[in-house]
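Quantities reported herein were computed from a predicted structural model and do not represent experimental measurements. Numbers restart at 1 for each chain; the letters A, B, ... are given by sequence-line order, proteins then strands.
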There are 2 protein chains.
Amino acid sequence: MATSCRNCPLRKLSLFAPMSDHEVDFMQGFKTGELQVDPGTTLMLEGSNSPQLYTVLDGMGLRYKTMASGDRQVLNIVLPGDFVGLQAGVMKEMQHSVEATTAMTLCVFDRKSLWALFRDQPERAFDLTWIAAVEEHFLGEVLALIGHMSGIERIARAFVRLHDRCMALGLVEGSEMPLPYRQQDLADALGLSLVHTNKTLKHLREMGVVSWRNGRLRFFDYDKLCEIADLDGARAPVTRPLI
Amino acid sequence: MATSCRNCPLRKLSLFAPMSDHEVDFMQGFKTGELQVDPGTTLMLEGSNSPQLYTVLDGMGLRYKTMASGDRQVLNIVLPGDFVGLQAGVMKEMQHSVEATTAMTLCVFDRKSLWALFRDQPERAFDLTWIAAVEEHFLGEVLALIGHMSGIERIARAFVRLHDRCMALGLVEGSEMPLPYRQQDLADALGLSLVHTNKTLKHLREMGVVSWRNGRLRFFDYDKLCEIADLDGARAPVTRPLI
DNA sequence: CGGTGTTTTGAAATGAGTCAACATACGTGG
DNA sequence: CCACGTATGTTGACTCATTTCAAAACACCG
């Protein structure tokens, strides 16, 4: 049974900007359905133009680009609350692909009604731009990360950032959280080779900082991890709108 | 004397999406003035919240992030037609800084009237989101670049992309174009050390491919450059809106 | 039980960073 | 007009993080 926007479990989270009843009603009308996909499903394909846009309700995915050489650059990890397909909505086509890593539940919107949203709901239109700006911000962060940090620093920072995001979503259980990816995925996200990623993970494990096994990430010494990641404890949470 | 939007020289370029007379009139009203800045001026500061937004009319600049270590990551080069400050407009504050490299002329908009734009001009609001999506796309490209390519490939690709952008803006004169930056700027943009950037530039020069001297970039063998950059000749130009 | 995908390990090769000096250009003030 | 200071570009030698290659161990599934 499909969730109604009114009882959307994500909306309750403080991570997301509050929305008036009237706005929620509009979103409800904007929503055309709900989609369940299996792990490995490609939601958006680079160069294509999806007729549908999504908001992730549940599950995890990946945004990535495929390069001429066949390599893959993972742009970021897709978590609940993320909006998928904005590029297809405003540009001619997607510039990256999006794939479901786990099973996912998605809110479906019709691309054609995006224009109605801009016309009738300036607040929501503003929020969409906001979302695009937040995406841009995250990409900028990763760029700085890959451009200037060593392997162990990159991995540590990726883990901390992931922890922050999952914490805000209530996905962290004690000192443990799900991370259902392959080492190859992390390597592709951080611009490292698989072998080096593996060895660095081993190093972090033996240092007693974090352990990533069987799709679960365990934090043994979070402070140390932050230190390696060159991040202090005070990180302002980024509030953002939910579409 | 300030340029009127109606005769805006940029608008004529095919790079930018066409705009109706009515839309141009609105933009004219949105525009509050024109700003001239000297080289080295900081237009936006990371963490601050500018009351003004700009569209570059003339000159070149840099967007960059400053890292805890003191390093700098150049996100991209700012050219005429680029919109500056969108992040400050929709998020609480800028996540990167913007600096004028040469003298610049900027169209000034009032941040407060951004909301009016969303309310009264859904087409323009749509364009703003479009711009944000284009920015995101470019950052994704650079990310893939830095994550997976060697020094010489990165430099070659940066030059080709720059050539494409400047060509669309009519800034290329024959096989030569202005590039008023320091080697350090390029190094910071591509995640390379200054020394390695210097040596790679020398290498490209000695191969007879490109020469970058005295703020001017000269192409001797453009095909070869594209080959090194792993780009074929057929690159679709990205049309985008001008605000 | 064999097949496929993932993780792990070791050894060798190298691209890129760091250090440290020198060269060049440009502007300012004496 | 020259001397000096600062910013940028150039070069060589050395080091090391990371990549690449190759193989083995492990896990899961039909």
Considering only distance and modelled atom types, tabulate donor-acceptor pairs under 3.5 Å from the side chains of residues 210-219 of chain B, sequence neighbours left out.
unit_1, atom_1, unit_2, atom_2, d
B:Trp212, NE1, B:Leu179, O, 3.1
B:Arg216, NE, B:Glu176, OE2, 2.5
B:Arg216, NH2, B:Glu173, OE1, 2.5

Residue pairs, two or more places apart or on separate chains, that pass salt bridge (charged side-chain N to carboxylate O under 4.0 Å, His left out) and touch residues 188-200 of chain A: A:Arg72-A:Asp188
Between the protein and nucleotides 28-30 of chain D, are there any N/O to N/O pairs under 3.5 Å, and if so, what are the atom names and distances?
none

Is there any salt bridge (charged side-chain N to carboxylate O under 4.0 Å, His left out) pair reaching into residues 75-86 of chain B, and which pairs are they, with sequence neighbours excluded? B:Asp82-B:Arg165, B:Asp82-B:Arg240
When the distance from CD1 of A:Ile155 to C1' of D:dT18 is rounded to whole Å, what number comes out? 12 Å
Quick one: do B:Glu135 and B:Arg63 make a salt bridge, cutoff under 4.0 Å? yes
With a cut-off of 3.5 Å and sequence neighbours excluded, list every side-chain donor-acceptor pair involving residues 226-234 of chain B.
none

Please list every donor-acceptor pair under 3.5 Å in which a side-chain atom of residues 53-61 of chain A meets a protein atom from a residue at least two apart or in another chain.
unit_1, atom_1, unit_2, atom_2, d
A:Thr55, OG1, A:Ile243, O, 2.6

Going by the rule salt bridge (Lys or Arg N to Asp or Glu O under 4.0 Å), which residues pair with B:Arg235 if we only count those two or more places apart in sequence or in a different chain? B:Asp164
Contacts of B:Thr66 that satisfy side chain to side chain contact (heavy atoms under 4.5 Å, CB included) - sequence neighbours left out: B:Glu46, B:Tyr64
Between protein and nucleotides 5-24 of chain C, map the contacts as a letter string: B base, S sugar-phosphate only, - none, heavy atoms under 4.0 Å, written 5' to 3'. -SBBBBB----BSBB-----
Residue set satisfying ring pair (Phe, Tyr, Trp, His ring centres under 6.0 Å) with B:Phe109, at least two apart, ordered chain then number -> B:Phe30
Could you work out how much the helix from C:dC1-D:dG30 to C:dG30-D:dC1 bends, comparing the axis of its first five pairs with that of its last five, to 10°? 30°
Using the test side chain to side chain contact (heavy atoms under 4.5 Å, CB included), find all partners of A:Thr101 that sit at least two apart in sequence or belong to another chain. A:Leu62, A:Tyr181
Interatomic distance where CG belongs to A:Asp188 and P belongs to D:dT19 [whole Å]: 11 Å
Taking atom P of D:dG9 as reference, at what distance in whole Å does atom CG of B:Leu186 sit? 10 Å
